[in-house]
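See structure below.
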Amino acid sequence: MIQVGNVNIGGDELVFIAGPCAVESKQQLLRIAEGVKKAGAHILRGGIFKPRSSVHSFQGLGANGREEAEEALSWLREAGEKFEMPVITEVRGEMQVDLVAEYVDILQIGARNMYDQDLLARVAGKNKPILLKRHFGAGIEEFLSFAEYIAAEGNKDIILCERGILPVGKGRNYTRYTLDLAAVPAIQRETYLPILADPSHATGRRDLVFNMSCAAIAAGASGLMIETHYNPAEALVDGQQMITPDELKEVIDACQRVRRLVVSTQ
Ligand code: PEP
Ligand code: MN
């Protein structure tokens, strides 16, 4: 079990991490933070350094230089304090580690950087919990083996996150990735680390988030990371997969019911 502020990850209670894909403004973040808190989320997320496939897409406010990065990080901190939620954001490169660690409670390593040994060692050295996302091409063994690069630095507060693997054939026409649900119990057989699921990036479709959230909890996940926005249509990144705070509440309530069922049948 990993304790972050007043939240326990991997304990009896499910943990929900929610917030926008990308932080776009202070007003946007505060409004979303208030919404996800009311919906029952425990931890606030918001991307500041975004890993984008195209250099021409919005790269996150962090790309506009240190001053803007620091300002956005301070909004995240402020929103977390205001609504009493620990905060998490992705660290995409070694140069960002010191700065990001000053502001957030959990450091996120994105799927694309799961293999970056130097980055893993650097974040581990910050002595804060690390959320490590599985690369979309990585096997379970590889995923756990790269988590060990964090543990090897003496940091055992590692939260794993299944976020979908590459779909086969024409799968990509339907879902962005394939949520590997079997990975959840399989990983629990191998390690004591908590494992979360991310149904937002795994599906890339808001209409699938509810079902895949329930399925991940049924599979035994300790919680979920869900991208949330009060108006997904106006988001600069990942609008197609974000749900609203009202929808998030429905997801969380349903997941809690699924969890009770799972626990009662064990
Ligand atoms: C994210 O959580 O913001 C993200 C980019 O996810 P992933 O690294 O899983 O693609
Ligand atoms: Mn996203």
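Numbering of residues begins at 1 and proceeds along the displayed sequence. Atoms within each ligand, like the ligands themselves, are counted from 1 in listed order. None of these values were measured; they are calculated from a predicted model.
- For ligand 1, none of its N or O atoms has an N or O atom of Asp198 under 3.5 Å away.
- Ranking protein heavy atoms by distance to atom 9 (O) of ligand 1, first place goes to Arg163 NE, 2.6 Å.
- A heavy-atom distance below 4.5 Å is found between the side chains of Gln256 and Phe16.
- Side-chain contact between Glu24 and Leu61 is absent, with no heavy atoms from C-beta onward closer than 4.5 Å.
- Comparing Cys21, Gly46, Ala22, Ala111 by heavy-atom distance to atom 8 (O) of ligand 1, the nearest is Ala111.
- Inclusion of Arg45 in the set of residues having an N or O under 3.5 Å from an N or O of ligand 1 is warranted.
- Between Pro51 and ligand 1, not a single N/O pair is under 3.5 Å apart.
- For the pair OE2 of Glu227 and SG of Cys21, the angle whose vertex sits at the Mn ion (ligand 2) is 90° to 10 degrees.
- Between the side chains of Arg176 and Gln241, a donor-acceptor pair is found at a separation under 3.5 Å.
- Shown in contact with Gly110 at under 4.0 Å from a heavy atom are these atoms of ligand 1, numbered in order with element: 8 (O).
- Residue-level check: among N/O/S atoms of Asp238, OD2 sits closest to the Mn ion (ligand 2).
- Between Tyr115 and His135, the ring-plane angle classifies as tilted under the 30° and 60° cut-offs.
- Looking from atom 6 (O) of ligand 1 to the surrounding protein, the closest heavy atom is Lys133 NZ, 2.9 Å.
- Contact check for Lys126 versus Leu107: side-chain heavy atoms found under the 4.5 Å cut-off.
- Tyr177 carries Arg163 over the face of its six-membered ring, with the cationic atom under 6.0 Å from the centre and within 45° of the normal.
- The cationic group of Arg31 lies under 6.0 Å from the six-membered ring centre of Tyr230 and within 45° of the ring axis, placing it in a cation-pi geometry.
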